[in-house]
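Owing to the predicted nature of the structure, the values given are computational and were not obtained by experimental measurement. FYI, side chains are in, hydrogens and waters are out, and symmetry mates aren't considered; it's all heavy atoms of this structure. Within every chain, numbering begins at 1; the chains are lettered A, B, ... in the order of the sequence lines, protein sequences first and strands thereafter.
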Number of protein chains: 4
Amino acid sequence: MREQQMLDAAVRIFGQRGYMAASMDEIAELAGVSKPLVYLYLTSKECLFTACIRREAAALTAAVRAGVRPDLPADRQLWDGLRAFFAHTAEHPDGWSVLHLQARTHGEPFAAEVAAMRAEIVAFVTRLVVVAAREAHRDPDLPEREVAGIAEALVGAAESLAAWANATPGVTARQSAATLMNFAWAGLSNLMRGHPWAPPPADS
Amino acid sequence: MREQQMLDAAVRIFGQRGYMAASMDEIAELAGVSKPLVYLYLTSKECLFTACIRREAAALTAAVRAGVRPDLPADRQLWDGLRAFFAHTAEHPDGWSVLHLQARTHGEPFAAEVAAMRAEIVAFVTRLVVVAAREAHRDPDLPEREVAGIAEALVGAAESLAAWANATPGVTARQSAATLMNFAWAGLSNLMRGHPWAPPPADS
Amino acid sequence: MREQQMLDAAVRIFGQRGYMAASMDEIAELAGVSKPLVYLYLTSKECLFTACIRREAAALTAAVRAGVRPDLPADRQLWDGLRAFFAHTAEHPDGWSVLHLQARTHGEPFAAEVAAMRAEIVAFVTRLVVVAAREAHRDPDLPEREVAGIAEALVGAAESLAAWANATPGVTARQSAATLMNFAWAGLSNLMRGHPWAPPPADS
Amino acid sequence: MREQQMLDAAVRIFGQRGYMAASMDEIAELAGVSKPLVYLYLTSKECLFTACIRREAAALTAAVRAGVRPDLPADRQLWDGLRAFFAHTAEHPDGWSVLHLQARTHGEPFAAEVAAMRAEIVAFVTRLVVVAAREAHRDPDLPEREVAGIAEALVGAAESLAAWANATPGVTARQSAATLMNFAWAGLSNLMRGHPWAPPPADS
DNA sequence: TATGAATGAGTTTTCATTCAT
DNA sequence: TATGAATGAAAACTCATTCAT
């Protein structure tokens, strides 16, 4: 459809130039249509950007979802999800730039949009952590906020690794995923087993 | 000095509006001076932004450095550094926005500036990981890229947690640091002990 | 066409205010269009000015060329050319100001543009002088630089007379041309006949 | 005196950059004084420019006057005056640029200033033409406007030659003067002898 | 007398956005 | 449905000019 061409062009331009530096002229030209048509379909620059964010967010979550089989064990689900995530971000650098950099850098309306997607992923990871605890025959007596923080950290680590892998030639999605699993899962399982890291007394 | 007022205002505006959306008019007004004066002291919007990045980067690394005592064990150093990091970013949200979001989103000259600071921090963490391995009586037979990836992930996790903590009321720097230590350090020590997470065979 | 309106306005403003003192605002207003439209058609102030210079130079040379019949004797050609020149500059004082004053006063790119036109005219006059010498059965044993200097002086005299005539009410193109022919042609023919003015000895 | 330094600097900057492109900052810096001092002595940019014009005009007329001895024959006076004129303009290119280009390009107040000087020179030349006619035992039955036009043309030719000589390396003041004398004087004397160039009938 | 510090007003230029067709 | 033509509003930057000392 005509609209998809426009979104393709917009994601490319937004991802490369940034939201503000991107010009509607350039987007229309790259899409091969006239500017008024872009406005007819997508109303305004803000709407167009929002549409880009939504589409790319949907594509990313779909890719991750498609990579995961919910009947497998939690660590395997995490491993599969991470590989799907790293593979997708590597294949769609402009889309990833829109989600990870541009959307968060230009004010509430956009940041909220991407925060929704992020929340979904964090929730998925949180569920995995809880399931893992159950699989380890341990009730998650970790306070909810602690689990949330952990999931947040894990997702943040994944996002950083994605950016790093995109910028470092020769790093594959598989390697990124393995690094993160190594780093994170072992820590998590330690946690599950009741060996948390003990902070020194508060006064220091 | 007058220049500091201007930088204060600029960090605030850049941090909230973003680099491109920030107008020199607004910055000058917030600083309580006239626009030409801003140009007299700071030459151009680019220079002003670069000066902001440098000042905030220096402040952040100084804060972390001041929080760490190099004669203590590696885990204690990491704990102290993280607390200092989370405390500083919580106290200077605009500065953190400039460094973490704005500087990375607006082209090489700025990204390079912040990449230098980040590299310094990643190197610090990498050193801690290696020292930790030594303290655990284990030679770091982890390949160099693996260590780099881990440090990258850890720093990324910290950055994400900082943003999350800034946006989630009631999360203290201490809690963020504890979450991350729990999450990361245990995983690391597992790794040190030679119990990496084993990925499933490649075909799957 | 719309572009012509803009050039008309630009020539008028540039001619009266000067290149630097002319503001794009004023030009757009006089042209009855919005400023962005001027930029759409003519790209920048420099381009606009260059376009003015080219158009006026072309118009002037065309007017002179149209006034001259190459099959007539040299003096008649000069006479006709001068009349055409004075008539055109009198009818287009702003265009003449752009060519004679503004373009030469504002840096190489513009000066070069008008120098090309001037060179064409000087070449035309030079050719007439040589032809006149041949018609007078005299080989032009005048050194080349001498001829060039004479042509230069003649063109300069014409330019000055044009400005003077523009500023002195009641002086017609015909009168200006006659004055210059009287002044110049007689001197030239004297020269041809081998009666140059003899400078006093060098020491004085 | 301090004021002379400032005028020196101003003439240089105005001559090279042009009136509008010249900045008071640059002038003050080149003069080695502070900007407020320039304003103290010379009131405003316009006044400063006017002062430059006046000084350079006075210097040029003084140089020409000093080169001429009123007791010599008219052609000798013209010859001497021209040599002085070409020598002075060659030695003071910035001053000449101010008078010949800048002052005439930036509106009435300045153009009037230089027109006064020019009128003085034209009057001097006109007087020479009249004297020459008398010396040739011929009453100047040339109409006054004709004589004025001739003087105007002669001065214009001189100005053009000066610019040309300044831009053409290797042309000396003496050569320029000789070229112009050859070109003009012979024509003039022809005129005196009652052999004007006869224009073709008006209808053509 | 001399100046460091400061600014109001104006410049060119760009861009999201909309009619008229 | 599609667009060529047009613009209102704003941004970065500069400069002649003036206080306060």
Can you find a side chain N or O atom of D:Tyr41 that sits less than 4.0 Å from OP1 or OP2 on E:dA2? yes
What's the CG-C1' distance between B:Leu37 and F:dC13, to the nearest Å? 14 Å
Of the listed nucleotides (E:dT17, F:dC13, E:dT3), which one gets closest to any side-chain atom of B:Lys45? F:dC13
May I ask you to check whether over 12 heavy atoms, not counting those of C:Arg118, lie within 6.0 Å of atom CZ? yes
Using whole Å, report how far CD1 of C:Ile27 lies from C1' of E:dT12. 11 Å
Side chain of D:His92, backbone of D:His88: donor and acceptor closer than 3.5 Å? yes
DNA chain E base-pair string [pairs: Watson-Crick or G-U under 3.5 Å; |: paired with another strand]: .||||||||||||||||||||
Can you tell me how far P of F:dC15 sits from OH of D:Tyr19, to the nearest Å? 14 Å
Pairwise 5' ranking along DNA chain E for C:Thr43 and B:Lys35, keeping only the more 5' one: B:Lys35
I need the CZ-C1' distance between C:Arg17 and E:dT11, as an integer number of Å. 15 Å
Here's a test of your reading of the structure: between D:Pro36 and A:Ala21, which maps to the more 5' nucleotide of DNA chain E? D:Pro36
Between F:dT17 atom P and B:Leu40 atom CG, what is the distance in whole Å? 18 Å
Rounded to whole angstrom units, what separation is found between the CG atom of A:Asp25 and the P atom of F:dG4? 12 Å
B:Ser44 vs C:Val33, nearer the 5' end of DNA chain F by closest nucleotide: C:Val33
Answer yes or no: is there a donor N or O on one side and an acceptor on the other, between the side chain of D:Lys45 and the main chain of D:Tyr19, under 3.5 Å? yes
Which nucleotide in the set E:dT7, E:dT11, F:dT17 lies at the smallest distance from any side-chain heavy atom of D:Tyr39? F:dT17
Have a look at D:Ala28 and say if it touches a base, only the backbone sugar-phosphate, or nothing, with a 4.0 Å heavy-atom cut-off. nothing
All side chain to side chain donor-acceptor pair (under 3.5 Å) counterparts of A:Asp8, not counting sequence neighbours: A:Arg55
Applying salt bridge (charged side-chain N to carboxylate O under 4.0 Å, His left out), name anything that partners A:Glu26, two or more places apart in sequence or on another chain. A:Arg17
Using atom types as modelled and distance alone, determine if a side-chain donor or acceptor of B:Thr105 lies under 3.5 Å from a backbone N or O of B:Leu101. yes
Phosphate OP1/OP2 of F:dT1: any A:Arg2 side-chain N/O under 4.0 Å: no
Quick note, C:Met24 side chain, CB onward, closest among E:dT12, F:dT7, E:dT17 is E:dT12
What verdict does the side chain to side chain contact (heavy atoms under 4.5 Å, CB included) test give for B:Leu48 and B:Cys52, after you've listed the backbone C-alpha separation in whole Å, the side-chain angles of each residue and the deciding distance to 0.1 Å? CA-CA 6 Å; B:Leu48 172 55; B:Cys52 289; 4.3 Å; yes
Would you kindly give the CD-to-C1' distance between D:Glu29 and E:dT3, to the nearest whole Å? 15 Å
Rounded to the nearest angstrom, tell me the gap between atom CD in C:Glu3 and atom P in F:dA5. 12 Å
